[in-house]
Amino acid sequence: MFIEKVIGDLGDKRRWRQYKARKQQLPASYRTAVDGLERYLMVLGPGGGNAIFEDLIDLFEQSAADRTPIREVIGEDPVEFIEAFARNYQEDSWKNRERERLNSAIERAAGEGR
């Protein structure tokens, strides 16, 4: 179990470093956009690990390769874009786990009071 935890953590760190290296390869304007989206996700995002960042960099790498303007990728409201993007990852969210724990605790409490 200890080894799995360490290997898992090392795997996550490796994935994060790969994401950061890929981001550095983007053209400056795309990298700036990803930096802003990344910061938002780090502060207000759903959690869930590296998958959201890997998918985000996939999108921006493809957009840069196709020379799709950033506004065509994101739209006029960056917050709306990233919130919609993040909704796909909420299943793994710590917020959802805490919601489930709260519901479970209340169900147990309500059952005990009968």
Side-chain angles (χ1 to χ4, degrees):
M1 179 115 181
F2 175 76
I3 298 291
E4 290 174 5
K5 183 169 179 65
V6 171
I7 290 172
D9 289 345
L10 291 175
D12 287 344
K13 287 179 185 177
R14 184 176 341 109
R15 288 173 66 191
W16 182 252
R17 285 191 303 266
Q18 289 170 342
Y19 156 77
K20 292 296 234 180
R22 290 172 65 190
K23 184 174 74 167
Q24 289 305 314
Q25 298 301 311
L26 290 173
S29 60
Y30 291 85
R31 190 172 53 248
T32 299
V34 171
D35 283 341
L37 297 167
E38 177 186 308
R39 168 116 176 106
Y40 187 89
L41 288 171
M42 294 292 265
V43 174
L44 299 171
N50 289 319
I52 192 169
F53 296 105
E54 292 166 339
D55 290 348
L56 185 66
I57 201 70
D58 286 345
L59 173 65
F60 275 84
E61 284 173 336
Q62 187 60 53
S63 298
D66 294 342
R67 296 188 174 145
T68 304
I70 291 169
R71 282 290 181 190
E72 280 187 37
V73 177
I74 294 175
E76 291 302 315
D77 187 346
V79 173
E80 183 180 315
F81 166 81
I82 200 63
E83 289 287 330
F85 190 85
R87 275 194 288 278
N88 294 314
Y89 301 87
Q90 289 188 349
E91 191 171 298
D92 295 332
S93 167
W94 63 270
K95 292 176 186 176
N96 283 345
R97 287 191 299 274
E98 289 305 318
R99 287 178 185 126
E100 289 171 13
R101 286 184 183 138
L102 174 59
N103 285 331
S104 178
I106 298 302
E107 284 178 25
R108 285 193 314 273
E112 292 172 3
R114 291 184 206 183

| field | Side-chain heavy atoms of Ile82 within contact of Leu44, under 4.5 Å | value | no
| query | If you round to the nearest 0.5 Å, how far is CG of Leu26 from CZ of Phe60? | reply | 8.5 Å
| task | Under the salt bridge (charged side-chain N to carboxylate O under 4.0 Å, His left out) rule, collect the residues that match up with Asp55, sequence neighbours excluded. | result | none
| field | All side chain to side chain donor-acceptor pair (under 3.5 Å) counterparts of Gln25, not counting sequence neighbours | value | none
| note | Between Ala33 and Ile74, the two heavy atoms sitting closest are CB-CD1, 4.4 Å
| task | Check side chain to side chain donor-acceptor pair (under 3.5 Å) between Tyr19 and all other residues, then give those that pass, not counting sequence neighbours. | result | Glu38
| remark: Here the side chain to side chain donor-acceptor pair (under 3.5 Å) pairs for residues 67-83, sequence neighbours left out, are Tyr40-Glu83
| query | Say you draw a straight line from NZ of Lys13 to CG of Asn50; how long is it, rounded to the nearest 0.5 Å? | reply | 12.0 Å
| Nearest non-hydrogen partners of Ile70 and Ser29, listed with the distance | CD1-O, 3.3 Å
| remark: Output for pair (Lys23 NZ, Thr32 OG1), nearest 0.5 Å, gives 9.5 Å
| task | Look up atom CG in Leu102 and atom CD in Glu107, then write down how far apart they are to the nearest 0.5 Å. | result | 10.0 Å
| request: Could you pull out the closest heavy-atom pair between Val73 and Ser63, with the gap in Å? | output: CG2-OG, 3.3 Å
| message | A side-chain contact here means heavy atoms from C-beta on lying under 4.5 Å apart; do Leu56 and Leu41 qualify? | response | yes
| How many angstroms lie between NZ in Lys20 and CD1 in Ile57, if you round to the nearest 0.5 Å? | 9.5 Å
| message | Once side chain to side chain donor-acceptor pair (under 3.5 Å) is applied, do any residues pair with Gln18, and if so which ones, sequence neighbours excluded? | response | none
| query | Got a sec, which residues hit ring-ring contact (aromatic ring centres under 6.0 Å, His included) with Tyr30, two or more places apart in sequence or on another chain? | reply | none
| task | Please confirm whether the backbone N or O of Glu100 pairs with a side-chain atom of Ser104, one donor and one acceptor, at under 3.5 Å? | result | no
| field | side chain to side chain donor-acceptor pair (under 3.5 Å) against Arg22, all qualifying residues, sequence neighbours excluded | value | Asp58, Glu61
| task | Report yes if the side chains of Phe53 and Val34 come closer than 4.5 Å at any heavy-atom pair, otherwise no. | result | no
